[in-house]
Amino acid sequence: FALSVVTTVATIYGVSRFVRNGFDFLAGNFSQHSGFYFPPYLLLALSIVTSIVVIGHLVSWRWMVSGRSKDTV
């Protein structure tokens with residue numbers, strides 16, 4: 001869980017740095033530059049996936065801590 005949270009925070013920070021440095025995700029490049037840059041999209045996808053993993057961890061926390069299985073009520 002801790003590794004997932006650290007990865008999520010790092011990737012969100014990376015995406016925010018791209019945005020602050022003028023990267024336009026709709027155009028695919030930095031302002032006043034041509035070409036297409038792939039790494040920001042890879043970092044954005046990684047950020048979304050790790051966020052989903054952390055949310056899944058938080059949702060399943062109750063079942064993981066208490067050790068209850070699906071069969072016990």
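With sequence neighbours excluded, the residues forming a side chain to side chain contact (heavy atoms under 4.5 Å, CB included) with I48 are L44, I52, listed by chain and number. Applying the side chain to side chain donor-acceptor pair (under 3.5 Å) rule to T7 yields no partners; only residues at least two apart in sequence or on another chain are considered. Partners of S47 by side chain to side chain contact (heavy atoms under 4.5 Å, CB included), not counting sequence neighbours, listed by chain and number: T11, I12, V15, S51. Every residue meeting the side chain to side chain contact (heavy atoms under 4.5 Å, CB included) condition with V53, not counting sequence neighbours, appears here in chain and number order: S4, H57.
There is a path of hydrophobic side-chain contacts, each under 4.5 Å, that joins V19 to L43.
Using a 4.5 Å cut-off on side-chain heavy atoms (C-beta onward), Y41 and F23 make contact.
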